[in-house]
Amino acid sequence: QLQLVESGGGLVQPGGSLRLTCAASGFLLHHYAIGWYRQASGKEREGVSCISSSLGRTYYADSVKGRFTISRDNAKDTVYLQMNSLKPEDTAVYYCTAEPPHRAVQAMCVSPGYENRYWGQGTQVTVSS
């Protein structure tokens, strides 16, 4: 069974940090480009950050540039999203997605409806005092 699993979400105060983790079962994550999307209540799913399968190319949405960092540890077959200086508007369910490395990472991050990809179940991030 092919599955993506996110972890690391939770409740944090404004200005705080969280690190999300994406892992896979049933396939090797390092063969895929990986992205993080988020969906706030009542809003459409939006791309946050994506990373290529090799060469370490990354893309960030303007709303998170300078605050979030995506990285991958191929030895552990894991992808991380380090989120610093969190704001209330970062509150959302965060999803990990994986797709074959055929497109530029920017294209991966701006196409929530693209079908040739896997999705995780999501992890809730709440930024509130």
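Residue numbers run from 1 in the order of the sequence given.
By the 4.5 Å heavy-atom criterion applied to side chains, Ser53 and Tyr32 are not counted as neighbours. Cys96 places a side-chain heavy atom less than 4.5 Å from the side chain of Ile34. At a threshold of 4.5 Å between non-hydrogen side-chain atoms, the residues Val48 and Ile70 do not count as touching. Contact of the Ser128 side chain with the Thr91 side chain is not registered, since no non-hydrogen atoms from C-beta on lie closer than 4.5 Å.
Classification of Arg67 and Asp90 as a salt-bridged pair holds, one side-chain N sitting under 4.0 Å from a carboxylate O.
Between Gln124 and Val93, the shortest heavy-atom contact is OE1-CG2, 3.2 Å.
For an aromatic pair to be called close, the ring centres must be under 6.0 Å apart, and Phe68 with Trp36 fails this.
One finds the CZ atom of Arg38 at 11.0 Å from the OG atom of Ser49 (value rounded to the nearest 0.5 Å). Put simply, OG on Ser17 and CD on Gln82 are 5.5 Å apart, with the number rounded to the nearest 0.5 Å. Atom SG of Cys50 and atom OH of Tyr60 lie 10.0 Å apart (nearest 0.5 Å).
Screening Tyr95, Tyr94, Trp119 for a ring pair (Phe, Tyr, Trp, His ring centres under 6.0 Å) involving Tyr37 leaves a single residue, Trp119.
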**OP:** Begin from the C-alpha positions of Glu99 and Asn116 and carry the test side-chain contact (heavy atoms from CB on, under 4.5 Å) through to its verdict.
**Re:** CA-CA 6 Å; Glu99 66 175 60; Asn116 189 25; 5.8 Å; no

